[in-house]
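These numbers come from the heavy atoms of this one structure, side chains and all, not from hydrogens, waters or symmetry mates. The structure presented is a predicted model; accordingly, all values stated were derived computationally and were not measured. Proteins get letters first, then strands, A, B, ... in listed order; numbering begins at 1 in each.
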Amino acid sequence: MAEKITPRSVDYSQWYIDIILNAKLADYSPVKGSMVIRPRGYSIWERLRDELDRRFKATGHQNAYFPMFIPMSFLKKEAEHVEGFSPELAVVTHAGGEELEEPLVVRPTSETIIWHMYKSWIQSYRDLPLLYNQWANVVRWEKRTRLFLRTAEFLWQEGHTAHETKEDAIEETLRMLNVYKDFVEEYLCLPVIAGKKSESEKFAGAVDTYSIEAMMQDFKALQAGTSHFLGQNFAKAFDVQFQTRSGTLDYVWATSWGVSTRLIGAIIMTHSDDKGLVLPPTLAQEELVVIPIFKTDSKTDVLRYAQDVTSMLRDRGRRVVLDDDDTASPGWKFAEWEMRGVPIRIEAGPKDMAQGTVVMVRRDTGEKVTVKKDEIVQRADELLKAIQKNLFERAKQFRDKHTKDIADYESMKQYFSTDSAGVSDSNSGFARGLWCGSKECEAKLKADTKATIRCLPLDDQDDINGVCALCGAPAKHRAIFARAY
RNA sequence: CGGGUUGUAGCGCAGGGGCUAGCGCGCUUGGUUCGGGACCAAGAGGUCGUGGGUUCAAUUCCCACCAGCCCGACCA
């Protein structure tokens, strides 16, 4: 494998692609804009999905599955919704050798077909709340695609809940936003800002959209998850009414929320380095790799020693693999497993065997320690925890270092200026500033700098005394501005 | 959908109006190596993107088409 990873400083986009291809996470497919998720990438998705699913169930949700084909007419029932999604729909017009009476849309999201079903399942307040989630693939025919971040087809989960009152629905929207925040911070080590989207950035058909926003190593923001308060929009579009406790009729209140395989892109762009992938231990297919180092005469003994170390760890439930391939050199293996992002490498050679030790090397810092054999299990435990913690802290420090308070438009333009190649300089990042709430201000900033309002942070709306950083009018919110993926 | 760019071995590329179409990596077999991407030897592997044209002769020149990738507007 002679192909090298392009350093981040040379070409960040190419670096990202190189990581994915070299670590064998995904590959381009014969279908334009669609990718193949390879086993090493899919295993990340599986681990992430299983943990998130556990958290959904812990908050009272159930999984269901709805069809991927949606009658075109369903989409048209919610005006904003269809307007938002039409440009990117894939439509099936023929099936079974005949033209269909009504074209079927390959779902870009499932609100419409789900609310069609909810109509027949909800009659009374006793039927509420309905807390359903589905794990599915969706299709959005984007013009411009990028592995994991934006592909024509992607995997995600979409929660769709129905509630008796507005308050219940809003509470659910925020609850799930927090489930996402806790999950990505604890499990994926991605520090995020939870906030509300501006009017122009919200989901087509929502009353309010909330998101969690992460910062990538090129200082751009990535929306890592969304939670929508849908009001009664879909209930009205699909005529879903229920009898209230007082006997009157009311429309059902709704939420929807989702995260996708895009999270894998976020993990790569937050933690990885020029040697390859860096993964939080929670997500790694292998937590540790044992690499025996032997000469021909010591081969048998060293292999037995390495096997012994591997078994010790495996018996304690660690995900560990022994790389006993004798056709590759140790140096090769070091590089290869670093590329794959395995959190800890254990080197076991003749010197270690003689002393009853191994060398343990952290992927995140490169730090090497010599560990006695009977302490390996415990040290592995400690190191894995330390790596998990360090990845989060490191990312958080990076983000905080690249977040700046900005109060006027000139400084804002300066902050988001780019070099001739369109690359942000290292002083760029998130801008924290006041905003008057007008669409025009937002549009002007976007036109001038490509930066947009990522969100209005929920926990940072105190002391709004001052003027909009964009136009100087009295401010109503505090916002995070950034360029985004 | 606009702009750019590329299609030659699995990957990255070179080449060239006719002759056995090459190079590096990877792959296979055997041997020597092995504490940061080892080496030797012998092999396997090609409708030169597709269609048409020019020509005695096209993978090479011309035209069209198709596809991929990159960059923009749209978006998780």
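- Rounding to whole angstrom units, CG of residue A:L21 and P of B:G10 are separated by 18 Å.
- Applying the side chain to side chain contact (heavy atoms under 4.5 Å, CB included) rule to A:Q62 yields the partners A:Y132; only residues at least two apart in sequence or on another chain are considered.
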Expected list for residues 71-79 of chain A: side-chain donor-acceptor pairs under 3.5 angstrom, two or more places apart:
unit_1: A:S73; atom_1: OG; unit_2: A:E102; atom_2: OE2; d: 2.7
unit_1: A:E78; atom_1: OE1; unit_2: A:E80; atom_2: N; d: 3.2
unit_1: A:E78; atom_1: OE1; unit_2: A:H81; atom_2: N; d: 2.9

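- Within residues 264-277 of chain A, no residue has any heavy atom closer than 4.0 Å to RNA chain B.
- Not counting sequence neighbours, the partners of A:K444 by the side chain to side chain donor-acceptor pair (under 3.5 Å) test are A:D448.
- Using a 4.0 Å heavy-atom cutoff across all strands shown, A:E347 reaches at least one base atom of the nucleic acid.
- Along RNA chain B, the nucleotide nearest A:R454 and the nucleotide nearest A:I293 are compared for position; the residue whose nucleotide lies closer to the 5' end is A:I293.
- The side chain of A:W332 has B:G37 as its nearest neighbour among B:G36, B:C34, B:G37.
- Here the C1' atom of nucleotide B:C34 and the CZ atom of A:F294 are 7 Å apart, to the nearest Å.
- Taking the six-membered ring where tryptophan is involved, the planes of A:Y118 and A:W115 are perpendicular, since the angle between them exceeds 60° and thus also 30°.
- Look at CZ on A:R363: it is 17 Å from P on B:G36, rounded to the nearest Å.
- Out of B:C74, B:A38, B:G36, the shortest distance to the side chain of A:F334 is found at B:G36.
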Please report, to 0.1 Å, the donor-acceptor pairs under 3.5 Å made by any side chain of residues 291-302 of chain A, with sequence neighbours excluded.
unit_1: A:S298; atom_1: OG; unit_2: A:K295; atom_2: N; d: 3.0
unit_1: A:S298; atom_1: OG; unit_2: A:K295; atom_2: O; d: 3.2
unit_1: A:K299; atom_1: NZ; unit_2: A:D326; atom_2: OD2; d: 2.6

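- With rounding to whole Å, A:K24 atom NZ is found 18 Å from B:G10 atom P.
- Using a 4.0 Å heavy-atom criterion, one finds that A:E142 contacts the bases of the nucleic acid, with or without backbone contacts as well.
- Checked by atom type and distance alone, the side chain of A:R432 never pairs as donor or acceptor with a backbone atom of A:D460 at under 3.5 Å.
- RNA chain B is contacted by both A:L149 and A:K299; A:K299 maps to the nucleotide lying nearer its 5′ end (nearest heavy atom per residue).
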- Note on the structure: The contact string for nucleotides 66-72 of chain B, one letter per nucleotide 5' to 3', using protein heavy atoms under 4.0 Å with B, S and - for base, sugar-phosphate only and none, comes out as --SSSBB

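- Contact annotation: A:K295 side-chain N/O to B:C34 OP1/OP2 distance is under 4.0 Å.
- In this structure, the side chain to side chain contact (heavy atoms under 4.5 Å, CB included) partners of A:A482, at least two apart in sequence or on a different chain, are A:A221, A:F430, A:R454.
- The listed nucleotides are B:C74, B:G36, B:G37; the one nearest the side chain of A:K446 is B:C74.
- Within the structure, side chain to side chain donor-acceptor pair (under 3.5 Å) pairs that include any residue of residues 274-291 of chain A comprise A:R8-A:D274, A:R40-A:E286, A:S43-A:Q285, A:T282-A:Q388, A:E287-A:R318 (at least two apart or interchain).
- Of the listed nucleotides (B:G37, B:U33, B:G36), B:G37 has the atom at the smallest distance from the side chain of A:S329.
- In this structure, A:P330 reaches the bases: a heavy-atom distance under 4.0 Å links it to at least one base atom across the strands shown.
- A search for side chain to side chain donor-acceptor pair (under 3.5 Å) contacts involving A:R38 returns nothing, not counting sequence neighbours.
- With sequence neighbours left out, A:H271 forms a side chain to side chain donor-acceptor pair (under 3.5 Å) with no residue at all.
- Side-chain atoms of A:M269 and A:Q217, non-hydrogen and from C-beta on, never get closer than 4.5 Å to each other.
- Note: A:Y187 and A:F183 have parallel aromatic rings, judged against thresholds of 30 and 60 degrees for the angle between ring planes.
- The distance from atom CG of A:D297 to atom P of B:U33 is 9 Å, rounded to the nearest whole Å.
- Nucleic acid contact for A:T151: base, since at least one base atom lies under 4.0 Å from a heavy atom of the residue.
- If you check distances only, the side chain of A:E338 does reach the base of B:G36 with a donor-acceptor pair under 3.5 Å.
- Legend: residues meeting side chain to side chain donor-acceptor pair (under 3.5 Å) with A:W135, ordered by chain and number and at least two apart, are A:D53.
- Residue contacts for A:V359: at a heavy-atom cut-off of 4.0 Å it reaches a base atom on one of the strands shown.
- Here B:G37 presents its C1' atom at 12 Å from CG of A:N22, a figure rounded to the nearest Å.
- Distance A:D326 CG to B:U32 C1': 13 Å, rounded to the nearest Å.
- Between A:W141 atom CH2 and B:A73 atom C1' there is a gap of 19 Å when expressed in whole angstrom units.
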- Note on the structure: The dot-bracket string of RNA chain B, counting Watson-Crick and G-U wobble pairs with both distances under 3.5 Å, using [ ] for crossing pairs and | for pairs to another strand, is (((((((..((((....[...)))).((((((.....)))))).....(((((..]....))))))))))))....

